[in-house]
Chemist: 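Encoded as structure tokens, here's the structure I'll be asking about.
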Amino acid sequence: MRAVNKGTPEELLQETLPVIPTMDVVVFPHMIVPLLVLDERIINGINASMNGSKKVLLLAARKKVEEENEAIGTKDLYDLGTISSIMRVIKVPEGGLKILVQGICKAQVEEIIANEEQLHVVANPLPLINYSVEESAPYLKKIKDLAEKISASNHLFNPDFHLILSKMNDPIKIADFILSHLNLGTQEAQELLETTTQEEFLEGIIAQLNKTIEVSETQERIRNRARDSMNKAQKEFYLREQLKAIKQELGEDDAEEIDSMRLKIAELNLDDEVLQEINRQINRLEKTSPDSVEATVTRNYIETILALPWNIETKDNLNLEHASKILDEDHYGLKDVKERILDFISIRNLKDDGYAPILCFSGPPGIGKTSLGESIARALGRKHFRISLGGVKDESEIRGHRRTYVGSMPGRIIQGVRKAGSKNPIIIIDELDKIGADFRGDPSAAMLEVLDPQQNKTFYDNYLGVPFDISKAIFIATANNIDAISEPLRDRMEVIQLAGYTSEEKLNIAKQHLVKRSLKETGLENKGIELSDEVLTALIDNYTQEPGVRNLERLIKKLCSKAARALVEKKESLLFLPETLDKHLGPKRLIDLEKGEGNQVGITNGLAWTPFGGEMLKIEAILIPGKGKVILTGQLGDVMKESATAALSYARAHAAEFNINQDRFTEYDLHIHVPAGGTPKDGPSGGMALLSSILSVLTNRPINATYAMTGEINLRGKVMPIGGVREKILAAKRNNIETVILPIQNKNDLVNQEEVTLGINVLWVENADEVLDKVLMPQIA
Ligand SMILES: Nc1ncnc2c1ncn2[C@@H]1O[C@H](COP(=O)(O)OP(=O)(O)O)[C@@H](O)[C@H]1O
Ligand SMILES: [Mg+2]
């Protein structure tokens, strides 16, 4: 960028020239600089100038303009610039011009003339500074000394820099050379441009060189400080030290954050083991660059530790009257369960850390298992949280991830404890029977540890890496199907079986709890909205078919939101009637089509128990021409298949009593099918229903469809007891059955549960004969 000294103005006459504003660069006389011009007005000026003197005035812009093509306001331009000649113009295909200009002399702007088309100035050229070699000699020596110092200590200038400089003598050349190497900011450069004497100019250059040296010395200091404490083997460590030094230089230390962490720890009163670990982590954080991934991981860890309730406990309210009141407030009925809960609280009264069993509520969905857990927390005045184990396959969900990556977290237990904010919360372990297992470990093993009072004093979460005491927590588990829980886990718990509700119970639950709650949630309290008993009964009987009340609650909420909308939109109170419910809820869920089908040959109403409540199943049998084979379909399990075979044998043995021709057994195949949703079915309790269907097809006598039955039979025709009586009766009631047939040995199951059999007849039987007498109807002609 060395300029040829030409074009010195012989006469310093005022001139009118087009202006080229420059950004980030100040052009000095002699300098040759390429520029890119995009602005239309400036291009016009250049074109005009190319047709005449080829001269323009370069003016530096004060501040950087964000958008390159944004026009610079005239007020942003310095008023002293450099008259330059345009050496070359190249059109850029994308638009704009690339030009090469060379500075001639400085000029003071007298007036800026800006119009739509062009930007001109009236400028007064200034004389070039006269350099005297003699007078500038001491300055030049100083400049050379400084430049040498810089190039010796620093990599800013290339190695040949001072070699070239030492050979130069012409002050102008030296000044140009230095100028082109110093990385000056616009303002600094402009200040140099505005100097009027050689002393001023050279002193300015010296000042800039000194500044450069200061910067490079600071850098050197930082590097040295880091180097002093450097361990040869640890490059990483070196970099961190360097960063620390830089931060000290900038005054940005994270010392404050770390100090406040230490203060908090002192307040937490931690065990030695925990204390040691967290101090180790804080020391580590101190040495880590605060913006590094590692620091983030460490900081999250420390925050988690600090946020845990190591020594925070809530005080229990063990007043039994109070507890009883809360339990009644939250749940209708459930007398036995509530009694059991009060027993549980009494034990705590006597011995607050004494053995308290883990309660497990088991039963179909929507019967209040989870909400009972919450209610107990409310009664005791404890914090609570719920972890749902449905589909949890990975042990680390419970026990946490190791702190090896940014997203690692504690497991759900520790997360819950952190949120609850006390170390003695009630932990509701929901759907314990749905826990899974896969290659990532067996979460039920982790649950075993959680629920073991011997081990959970020092519960170990992989993320924490130190033990946390969860032995003060109360665990309450829920499950649909207690049999699906592994035996060791089941042994830890006291199982409380809850059953589905009768329609009457549901009505009361709705009246006393669900409606109130829904009105409150929709802001309809005291707004005169009512759901009559008839409406609620219609919801229960026609729109839901469930052992619990979850759908019922959903429908009530739906009606409430309809009422809310009518109130807001039309200012009217909706009146709900059983006949008009379909307007709001769509057609009834259950049309009584089962009843309509009437009595048929080979079809018996069986009753089954499932984890989701009782269910009525049609057991179908037909004869097809064949050779006496038995075909079973409908995903029947082995036990059920055996019951079918046993029932068939019984029928064969008693063929004469029922007037069955023996060829029915040899010239036909018997096909037994149990429909309903492809769900697997198993168990012996279908024996009686299977026998009824089989005898029905063999004798061609229809089965009375107002009956439903359950019961195992042995080969001698004795009816044996079965499980899930209450659920099965409720299912029969939901299906509008008139009489339910049950094994007499199950009679005790219904002691104190008279409400269950309200509205249905029960036929207690001992022998298959008694059943067949009732259900097999006369042969159709
Ligand atoms: N006996 C009851 N009294 C009042 N509300 C009940 C009763 N049983 C269930 N509920 C309500 O029904 C809803 C579903 O209960 P939930 O506890 O979720 O059932 P589960 O956990 O057994 O599936 C909750 O809003 C709950 O309060
Ligand atoms: Mg639940």
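First listed ligand is number 1; within each ligand, the first listed atom is number 1. The first residue of the sequence shown is numbered 1, and numbering continues consecutively from there.
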Chemist: Identify the closest protein heavy atom to atom 23 (O) of ligand 1: which residue and atom is it, and at what distance?
Modeler: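 Going atom by atom, the protein heavy atom closest to atom 23 (O) of ligand 1 ends up being Arg550 NH2, 2.4 Å.
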Chemist: Quick test of your reading of the structure: of Gly368, Gly333, Ser371, whose heavy atom lies closest to atom 19 (O) of ligand 1?
Modeler: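 It is Gly368 that holds the nearest heavy atom.
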Chemist: If you take the nearest heavy atom of each of Phe612, Tyr501, Tyr332, which one is closest to atom 8 (N) of ligand 1?
Modeler: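 Result: the heavy atom closest to atom 8 (N) of ligand 1 is in Tyr501.
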Chemist: For atom 13 (C) of ligand 1, state which one of Glu553, Arg386, His331 supplies the nearest heavy atom.
Modeler: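 Selected option, by shortest heavy-atom distance: Glu553.
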Chemist: Counting only heavy atoms closer than 4.0 Å, does ligand 1 sit against the backbone of Arg517, its side chain, both, or neither?
Modeler: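 Under 4.0 Å from ligand 1, Arg517 contributes side-chain atoms alone.
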Chemist: Using a strict 4.0 Å threshold on nitrogen-to-oxygen distance, state whether Glu397 and Arg412 make a salt bridge.
Modeler: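 A salt bridge links Glu397 with Arg412.
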Chemist: Is Gly548 close enough to touch ligand 1? Criterion: a residue heavy atom under 4.0 Å from a ligand atom.
Modeler: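 Judged by the 4.0 Å heavy-atom criterion, Gly548 does not count as contacting ligand 1.
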Chemist: Please confirm whether Asp430 comes under 4.0 Å of ligand 1, counting heavy atoms of the residue only.
Modeler: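 It does not, in that no heavy atom of Asp430 comes within the 4.0 Å cut-off of ligand 1.
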Chemist: Could you tell me, atom by atom, which parts of ligand 1 come under 4.0 Å of a heavy atom of Pro365?
Modeler: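 Those atoms are 23 (O).
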Chemist: Side chain, backbone, both or neither: which applies to Lys369 and ligand 1 if a contact is any heavy-atom pair less than 4.0 Å apart?
Modeler: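 The part of Lys369 near ligand 1 is both the backbone and the side chain.
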Chemist: Restricting to non-hydrogen atoms, name the atom on Thr710 and the atom on Pro743 that form the minimum distance, rounded to 0.1 Å.
Modeler: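 The answer is O-CD, 3.3 Å.
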Chemist: Counting only heavy atoms closer than 4.0 Å, does ligand 1 sit against the backbone of Leu372, its side chain, both, or neither?
Modeler: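 Neither part.
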Chemist: Is there a side-chain hydrogen bond (donor to acceptor under 3.5 Å, both in side chains) between Thr544 and Asn551? Walk through the geometry before answering.
Modeler: CA-CA 6 Å; Thr544 63; Asn551 283 324; over 6 Å; no
Chemist: Minimum heavy-atom separation for Lys423 and Asp469, please, with both atom names.
Modeler: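 Heavy-atom minimum between the residues: NZ-OD2, 3.9 Å.
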Chemist: More than 12 non-hydrogen atoms from neighbouring residues, nucleotides or ligands closer than 6.0 Å to NZ on Lys383, yes or no?
Modeler: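 Result for NZ/Lys383: open.
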Chemist: Quick check on the 6.0 Å ring-centre criterion: do Tyr301 and Tyr463 meet it?
Modeler: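 Between Tyr463 and Tyr301, which both carry aromatic rings, the centre distance is below 6.0 Å.
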Chemist: Backbone or side chain, does Ser371 get an N/O/S atom under 2.8 Å to the Mg ion (ligand 2)?
Modeler: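 Not a single backbone or side-chain N, O or S atom of Ser371 is under 2.8 Å from the Mg ion (ligand 2).
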Chemist: May I ask you to test the Tyr460-Phe468 pair for a side-chain heavy-atom distance under 4.5 Å?
Modeler: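 Not touching, per the 4.5 Å side-chain cut-off.
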Chemist: Pick from Arg517, Arg378, Lys516: which one makes a salt bridge (Lys or Arg N to Asp or Glu O under 4.0 Å) with Glu329?
Modeler: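 That would be Arg378; it is the only one of Arg517, Arg378, Lys516 passing the salt bridge (Lys or Arg N to Asp or Glu O under 4.0 Å) with Glu329.
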Chemist: Is there side-chain contact between Arg418 and Pro410, with at least one heavy-atom pair below 4.5 Å?
Modeler: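 With C-beta onward as the side chain, the pair stays apart.
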Chemist: Which heavy-atom pair separates Pro547 from Glu727 by the least distance, and what is that distance?
Modeler: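 Looking at all heavy atoms of both residues, the closest pair is CB-OE1, 4.0 Å.
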Chemist: With heavy atoms under 4.0 Å as the rule, classify the contact between Ile367 and ligand 1 as side chain, backbone, both or neither.
Modeler: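 It is both parts that get close, each with some atom under 4.0 Å.
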Chemist: Which part of Phe361 is near ligand 1, with near meaning a heavy atom under 4.0 Å away: side chain, backbone, both or neither?
Modeler: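 Neither part.
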Chemist: Could you tell me if any non-hydrogen atom of Val549 lies under 4.0 Å from any atom of ligand 1?
Modeler: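 Judged by the 4.0 Å heavy-atom criterion, Val549 does count as contacting ligand 1.
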Chemist: What part of Thr370, side chain, backbone, both or neither, has a heavy atom within less than 4.0 angstrom of ligand 1?
Modeler: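 Answer for Thr370: both.
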